[in-house]
S.K.: 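Let me begin by handing over the structure; questions about it come next.
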There are 2 protein chains.
Amino acid sequence: MPRPDRSEERRAELLPVVAEAFAELGYRRASTAELADRCGVRVNILYRLWPDKQAMFIAAIRHVFDRSLETWEALLADGGDAGAPELLRYEAKHLGEHGFYRILFAGLGETDDPEIKAALAETYADFLAFIRTQVAAHRGAPPRGGGAAVDLAVWAILGLGTIANVGRELGLLPPRLRERLLPEMGDLLLDG
Amino acid sequence: MPRPDRSEERRAELLPVVAEAFAELGYRRASTAELADRCGVRVNILYRLWPDKQAMFIAAIRHVFDRSLETWEALLADGGDAGAPELLRYEAKHLGEHGFYRILFAGLGETDDPEIKAALAETYADFLAFIRTQVAAHRGAPPRGGGAAVDLAVWAILGLGTIANVGRELGLLPPRLRERLLPEMGDLLLDG
DNA sequence: ACGTTATGTAAGCATAGACTTACACCATGG
DNA sequence: CCATGGTGTAAGTCTATGCTTACATAACGT
């Protein structure tokens with residue numbers, strides 16, 4: 001028998017690097033050569049681990065989302081039962097540290113690629129569902145309860161996180177203000 | 001004397017087409033050949049009107065913003081004095097029809113280009129100032145008054161418009177809900 | 001020890017895309 | 001009517017980039 005297949009481990013090692021490159025550069029500018037450089041390997045290594053660049057990007061989307069979700073779930077598990085407000089305050093400080101929004105923006109520029117769009121939509125739907133659970137719980141409703149009012153609040157809260165990133169990216173939203181945006185406007189939206 | 005220079009008029013004719021292409025395709029995928037095709041000319045014509053592709057994009061940013069602002073100002077001038085709430089209701093129906101958000105997302109993917117970033121930030125700052133005036137007026141404050149509370153509300157409202165576009169783009173925000181998002185959550189934020 | 005097969009290196013290919021050049025044409029003002 | 005210079009067409013250059021191939025090397029199980 002030959003050497004065992006370590007592709008899975010290799011993917012797990014390189015994916016964070018790949019994801020960060022995509023988040024930082026966007027889809028087009030993250031060339032395969034650049035990805036390989038950052039991983040400290042040659043391009044064909046990447047092509048042995050994923051069939052094409054599109055697959056690398058889709059894997060990166062999933063990865064970034066999974067990491068973010070892990071963090072939030074750990075936070076909720078640790079910190080007693082503050083729930084949604086605690087998440088808001090955490091995000092105000094650690095805004096987009098996993099590159100969630102940058103990957104989202106990068107992906108939104110590729111929505112004519114049906115597979116990328118589908119992966120993005122699916123991942124974001126999971127994200128949405130997670131937040132929805134928190135908002136519903138905050139309002140004393142069952143996980144899927146609370147009706148359209150909860151949905152509206154969820155979207156509005158996601159809007160806060162999104163615009164906070166845009167504002168920071170453009171250097172238009174001063175840090176002092178940014179730190180207040182999610183907690184203060186978030187609480188307002190949470191309580192309706 | 002030879003023929004008079006019609007460059008200015010030509011730019012004005014082609015810019016809407018160029019802007020739409022950038023909004024639809026993003027910066028990278030809107031190739032100069034594609035831009036020229038849509039304009040019904042050859043590439044070098046574009047290069048006679050703008051020094052390079054970057055300049056075309058920056059012109060497109062300004063154009064899209066100017067068109068949007070014109071529309072909103074006309075709306076406010078016409079429709080009595082409903083002000084901010086009327087804008088929210090208008091945008092709920094005509095969401096992003098000038099490609100404002102798509103250009104923004106496209107530009108956010110190019111923020112390592114300092115000139116593009118600067119143009120984007122400057123344009124968005126104007127947008128921000130316009131909305132701020134409306135929100136301040138709604139709260140009975142002078143144009144620049146109202147303090148940080150107004151700033152927070154402004155950012156949160158911009159978040160609504162932004163996330164409404166993201167949700168639509170990904171097919172995750174049903175039209176029925178989307179039409180309620182800006183008016184209902186917007187009013188909540190407007191009134192604090 | 002040995003054959004099998006993953007892993008790594010290096011070079012190459014084909015295409016696309018930003019930008020240029022050469023040139024024909026024609027509207028304009030004197 | 002004619003010279004000037006703006007307008008349009010066609011082709012070309014050069015680089016970047018997605019992806020492949022050929023080959024050397026180094027484990028692993030028997």
Side-chain angles (χ1 to χ4, degrees), chain A residues 1-15 17-61 106-107 109-110 112-116 119, chain B residues 1-15 17-61 106-107 109-110 112-116 119:
Chain A
M1 281 263 194
R3 301 165 65 170
D5 190 340
R6 287 190 31 89
S7 300
E8 208 55 56
E9 293 90 323
R10 208 82 179 90
R11 266 188 286 267
E13 282 169 39
L14 300 188
L15 196 46
V17 184
V18 167
E20 193 180 339
F22 276 125
E24 197 178 317
L25 301 171
Y27 186 76
R28 304 310 250 212
R29 276 213 329 269
S31 66
T32 54
E34 173 78 21
L35 295 175
D37 269 0
R38 291 184 178 221
C39 289
V41 299
R42 307 279 162 181
V43 276
N44 63 334
I45 306 267
L46 297 182
Y47 281 94
R48 282 214 270 263
L49 298 173
W50 293 280
D52 50 27
K53 186 182 169 181
Q54 185 203 60
M56 300 173 205
F57 186 62
I58 289 175
I61 294 174
E110 306 298 325
D112 68 326
D113 180 322
E115 302 198 42
I116 289 183
Chain B
M1 282 264 190
R3 301 164 66 170
D5 189 341
R6 290 192 27 89
S7 299
E8 208 56 56
E9 292 91 321
R10 207 83 181 90
R11 265 190 285 268
E13 282 169 39
L14 300 188
L15 196 47
V17 183
V18 167
E20 193 179 338
F22 275 125
E24 199 178 316
L25 301 171
Y27 187 76
R28 298 315 240 214
R29 278 214 329 269
S31 66
T32 53
E34 173 76 23
L35 295 175
D37 269 0
R38 291 185 179 220
C39 290
V41 299
R42 307 279 161 182
V43 275
N44 64 333
I45 306 265
L46 296 182
Y47 280 94
R48 281 215 271 264
L49 298 172
W50 292 281
D52 50 27
K53 186 182 169 182
Q54 185 202 60
M56 300 174 205
F57 186 63
I58 289 175
I61 293 174
E110 306 298 324
D112 69 327
D113 180 322
E115 302 199 41
I116 288 182

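So you know, we letter chains A, B, ... as the sequences are listed, proteins then strands, and number each from 1.
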S.K.: Are the side chain of B/Asn44 and the backbone N or O of B/Tyr47 linked by a donor-acceptor pair below 3.5 Å?
M.R.: no
S.K.: Does NZ or CZ of B/Lys53 come closer than 6.0 Å to the centre of the six-membered ring of B/Phe22, within 45° of the ring's axis?
M.R.: no
S.K.: Kindly say if B/Thr32 contacts the phosphate of C/dA18, meaning a side-chain N or O under 4.0 Å from OP1 or OP2.
M.R.: yes
S.K.: Starting at atom NZ of B/Lys53, determine the distance to atom P of C/dT20, rounded to an integer number of angstrom.
M.R.: 14 Å
S.K.: Let me know the distance between CD of A/Glu34 and P of D/dA16, rounded to the nearest Å.
M.R.: 13 Å
S.K.: Choose from C/dC19, C/dT21, D/dA22 the nucleotide whose nearest atom is closest to any side-chain atom of A/Asn44.
M.R.: D/dA22
S.K.: Mind checking the CD-CG spacing from B/Glu9 to B/Leu14? Nearest 0.5 Å is all I need.
M.R.: 11.5 Å
S.K.: Determine: side-chain N/O of B/Arg10 to OP1/OP2 of D/dG8, distance under 4.0 Å, yes or no.
M.R.: yes
S.K.: Which part of the nucleic acid, if any, lies within reach of A/Ser31 when heavy atoms closer than 4.0 Å are counted: base, sugar-phosphate only, or nothing?
M.R.: sugar-phosphate
S.K.: Between C/dT9, C/dA18, D/dT20, which nucleotide has the shortest distance from any of its atoms to the side chain of A/Ile45?
M.R.: C/dT9
S.K.: Under 4.0 Å, heavy atoms only, any strand: does A/Asp52 hit a base, just the sugar-phosphate, or nothing?
M.R.: sugar-phosphate
S.K.: May I have the distance from A/Glu8 (atom CD) to C/dA6 (atom P), rounded to whole angstrom?
M.R.: 15 Å
S.K.: With heavy atoms under 4.0 Å as the rule, sort A/Arg6 into base, sugar-phosphate or nothing.
M.R.: sugar-phosphate
S.K.: Bend across the helix from C/dA1-D/dT30 to C/dG30-D/dC1, to 10°, with axes taken over 5 pairs at each end?
M.R.: 10°
S.K.: Roughly how many Å is it from CZ in B/Phe57 to C1' in C/dG17, rounded to a whole number?
M.R.: 17 Å
S.K.: Is it true that atom CD of A/Glu115 has more than 12 heavy atoms of other residues, nucleotides or ligands lying nearer than 6.0 Å?
M.R.: no
S.K.: Which nucleotide in the list D/dG18, C/dT9, D/dA11 gets nearest to the side chain of A/Arg42?
M.R.: C/dT9
S.K.: Does CD in B/Glu20 sit with more than 12 non-hydrogen atoms of other residues, nucleotides or ligands closer than 6.0 Å?
M.R.: no
S.K.: Could you state the atom-to-atom distance from CG of A/Asp113 to C1' of D/dG18 in whole Å?
M.R.: 14 Å
S.K.: Using atom CD of A/Glu13 as one end and atom P of C/dT7 as the other, report the distance to the nearest whole Å.
M.R.: 10 Å
S.K.: Let me confirm one number: the CD1-CD1 distance from A/Ile61 to A/Ile116, rounded to the nearest 0.5 Å.
M.R.: 6.5 Å
S.K.: Determine yes or no for a side-chain-to-main-chain donor-acceptor pair under 3.5 angstrom, with A/Arg28 supplying the side chain and B/Arg29 the backbone.
M.R.: no
S.K.: What's the CE-P distance between B/Met56 and C/dA18, to the nearest Å?
M.R.: 9 Å
S.K.: Taking all non-hydrogen atoms of both residues, which atom of B/Met56 and which atom of B/Leu46 are closest, and how far apart?
M.R.: CE-CB, 3.8 Å
S.K.: On DNA chain D, compare the nucleotides closest to A/Arg48 and B/Ser7; which residue's is nearer the 5' end?
M.R.: B/Ser7
S.K.: Between P on C/dG17 and CZ on B/Phe22, what's the gap in Å once rounded to a whole number?
M.R.: 13 Å
S.K.: For A/Val41, which contact category applies under a 4.0 Å heavy-atom criterion: base, sugar-phosphate, or nothing?
M.R.: nothing
